[in-house]
Amino acid sequence: MPESPTANLENIAQRIRETLAVKHQARERAYVLSREVIRTAANTIRAVHREDLEKSRTLLATTSGLLRQMQDAVAAHADLRYTGYVDDA
């Protein structure tokens, strides 16, 4: 008996759901990290203005690490790399 043209739709739909789930996880991780980056960068600027160079260096290193984590989180998702919250951070 010939296979129905829609027989493979469930497999296709499942692959789409899996792809979107991975993308959703990356987006959520990047969103959380972007907020942390912005907060830490603001604190870095405040430390510089207070001339607390030791603290500003520490905060800057933390911010840099958070940015790397965020870039890693969206590396496999070109459409997420240029979203507003990633760009803002």
- Message: For a quick test of reading the model, state the closest non-hydrogen atom pair linking Thr44 to Leu60 and the distance between them.
- Response: OG1-N, 3.7 Å
- So OG1 of Thr58 and CG of Leu53: to nearest 0.5 Å the spacing works out to 10.5 Å
- Is the number of heavy atoms from other residues, nucleotides or ligands within 6.0 Å of CD (Glu54) greater than 12? no
- Look up atom CZ in Arg17 and atom NE2 in His24, then write down how far apart they are to the nearest 0.5 Å. 15.5 Å
- Query: Any luck finding a side-chain donor-acceptor pair between Glu18 and Gln14 under 3.5 Å?
  - Reply: yes
- Stepwise side chain to side chain donor-acceptor pair (under 3.5 Å) test for Ser64 and Arg68: CA-CA 6 Å; Ser64 180; Arg68 276 193 296 278; 2.8 Å; yes
- Among Val48, Ile45, Thr40, side-chain contact (heavy atoms from CB on, under 4.5 Å) partner for Leu59: Thr40
- Task: Begin with the C-alpha distance, continue with both residues' side-chain angles, and end with the deciding distance and a verdict on side-chain contact (heavy atoms from CB on, under 4.5 Å) for Arg46 and His49.
- Result: CA-CA 5 Å; Arg46 288 185 196 101; His49 287 195; 5.7 Å; no
- With sequence neighbours left out, write down each residue that passes side chain to side chain contact (heavy atoms under 4.5 Å, CB included) with Gln25, or none if nothing qualifies. none
- Message: For a quick test of reading the model, state the closest non-hydrogen atom pair linking Leu80 to Ala26 and the distance between them.
- Response: CD1-CB, 4.0 Å
- Message: Going by side chain to side chain donor-acceptor pair (under 3.5 Å), name the residues that satisfy it together with Asp52, two or more places apart in sequence or in a different chain.
- Response: none
- How many angstroms lie between OG1 in Thr62 and CG in Leu67, if you round to the nearest 0.5 Å? 11.0 Å
- If you count the non-hydrogen atoms of other residues, nucleotides and ligands that lie under 6.0 Å from NZ in Lys23, is the total more than 12? yes
- All heavy atoms of Ala30 vs all of Met70, minimum pair found to be O-SD, 3.7 Å
- Item | Side chain to side chain, Gln69 and Arg29, heavy atoms closer than 4.5 Å | yes
- Query: Between Glu28, Glu36, Arg35, which is the residue that forms a side-chain contact (heavy atoms from CB on, under 4.5 Å) with Val32?
  - Reply: Glu36
- Message: Taking atom CD as the centre, does Glu51 end up with more than 12 heavy-atom neighbours from other residues, nucleotides or ligands that are less than 6.0 angstrom away?
- Response: no
